[in-house]
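For ligands, and for the atoms within them, numbers begin at 1 and follow the listed sequence.
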Amino acid sequence: MPCIPQHFEFIDARSMSAALADAIEQEAKSALLRRGVFTLCLAGGSSPRQAYEMLAGKDLPWRDIHLFFGDERLVFPCHGWSNFRMARKALIDRIEIPSANVRRMRGEMNSAAAAARDYERRLRAFFGPGASLPEFDVCLLGLGPDGHTASLFPGHAVLEETEAWVVGVEEPTLPPAVRRISLSLPALNASKKIFFATSDCGKQPLVETILTNRTAVTRRYPAARVQARDVVWFTTQQL
Ligand code: 6PG
């Protein structure tokens, strides 16, 4: 049952990142205490980078933590557009995490649909045969200027996906940068907790619209269709 999202506004990107890293640490510690394992799904974009760097400095038992990705571009993992590359540089390379605990989307595959099937198969293997959807302890998301989140864009048919956990977002008329792989809305919405983060204070009016006028905008902005049981927004103030 979705709850009313919480919203925390910060004076700048640094304080937003510190609060986000602290909140992830807190969720990790509580999941580790309860179940001995913590699952974190990472976002791309620029907003979470500083929080990843701060998270890398936390004293966490990384061998019990599993990292996943919410979306990826169809590029090699060393490419400048790769979400994995950003997370590797900001977080993964700085922590003692077994490589088997890091599950990236294989953007090097030559079709987004095949890469989506591949990631779904690996998610299902992790969550087990009884899982009807993945249930990340925490899923991080960003907000695009058009209201997109992960790689779910306004007006795209994949927004209506009801079965697949992972979807390929193919747009043959656009350059390869926009061929993407993304968790589907049902998969995102199954997360125990969603942390949206945007360090761009210019998106504040969009955040307000999404938060205050949920019914009218629900179909227009994919981010507004993320209605998990616990959603928290971390944003920066417009001065
Ligand atoms: C990506 C994400 C995208 C991102 C938003 C916000 O770019 O990889 O798919 O959903 O989170 O576009 O990006 P910023 O954090 O850079 O504003």
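In terms of polar-atom proximity, defined here as any N/O pair under 3.5 Å, Ala197 makes no such contact with ligand 1. Ligand 1 has an N or O atom lying under 3.5 Å from an N or O atom of Arg180, backbone or side chain.
In terms of heavy atoms, His148 sits closest to Leu152 at CB-O, 3.1 Å.
In this structure, atom 10 (O) of ligand 1 lies nearest to the protein heavy atom Ala150 O, 2.7 Å. When only non-hydrogen protein atoms are considered, atom 17 (O) of ligand 1 lies nearest to Lys203 NZ, 2.7 Å. Regarding atom 13 (O) of ligand 1, its nearest protein heavy-atom neighbour is Gly45 CA, 3.8 Å. Among protein heavy atoms, the minimum distance from atom 15 (O) of ligand 1 is reached at Ser47 OG, 2.7 Å.
Between Gln204 and Thr235, the side chains place a donor N or O and an acceptor N or O closer than 3.5 Å (distance only, hydrogens not considered). A side-chain donor from one of Asp137 and Thr39 sits under 3.5 Å from a side-chain acceptor of the other.
Using a 4.0 Å cut-off between charged nitrogen and carboxylate oxygen, Arg229 and Glu135 count as a salt-bridge pair. With salt bridges taken as basic N to acidic carboxylate O contacts below 4.0 Å, none links Arg85 and Glu72. Ion pairing between Glu120 and Arg124 holds under the 4.0 Å rule for side-chain N and carboxylate O.
For the ligand labelled ligand 1, residue Asp71 lies inside the 4.0 Å heavy-atom shell. Asn83 counts as a contact of ligand 1, since one of its heavy atoms falls under 4.0 Å from the ligand.
Residue-level proximity to ligand 1 for Glu72 is absent, since no heavy atom of it falls below 4.0 angstrom. Contacts between Leu143 and ligand 1 below 4.0 angstrom, taking non-hydrogen atoms only, involve the backbone exclusively.
Screening Phe84, Trp165, Phe38, Phe126 for a ring pair (Phe, Tyr, Trp, His ring centres under 6.0 Å) with Phe68, the sole residue that qualifies is Phe126.
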